[in-house]
Amino acid sequence: MFETQDESEWRAHLRRLRVTDRRIDWSAARVDTLCGRLRQPTTYRLSVFVAARRPE
C-alpha cells in the first residue's frame, strides 16, 4: 500500500491515513521496518491483508 525509505515521510503518511482514510481496517494492517544495515537503507512498508475471493 505504501513504502518509503524516508522516516519523516513515513510518519506523515501514517498520520494522514489515520485521519482521512476510514476505509482501512487497521486490525488487518501490517507495518514492516526492513533494516537495511550497511548495504541498503532502512525501508518502511505498510500493507493491508486482503482475503482471497472464493470461487462461486
Go through Thr42 and Leu34 one step at a time and tell me if the side chain to side chain contact (heavy atoms under 4.5 Å, CB included) criterion holds.
CA-CA 6 Å; Thr42 298; Leu34 308 171; 6.0 Å; no

From CA spacing to verdict: side chain to side chain contact (heavy atoms under 4.5 Å, CB included), Val48, Phe2:
CA-CA 10 Å; Val48 179; Phe2 180 73; over 6 Å; no

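- Arg18 pairs by the salt bridge (Lys or Arg N to Asp or Glu O under 4.0 Å) definition with nothing, not counting sequence neighbours.
- Applying the salt bridge (Lys or Arg N to Asp or Glu O under 4.0 Å) test to Asp32 and every residue at least two apart in sequence or in another chain returns Arg30.
- No hydrogens or angles considered: nothing links the side chains of Thr4 and Asp6 as a donor-acceptor pair under 3.5 Å.
- Side-chain contact between Tyr44 and Glu7 is present, with at least one heavy-atom pair separated by less than 4.5 Å.
- Side-chain contact between Trp10 and Val31: present, with at least one pair of heavy atoms (C-beta onward) separated by less than 4.5 Å.
- Here CZ of Arg45 is found 14.0 Å from CE of Met1. Values are rounded to the nearest 0.5 Å.
- Here Leu17 contributes atom CG and Trp26 contributes atom CH2; the two are 5.0 Å apart, rounded to the nearest 0.5 Å.
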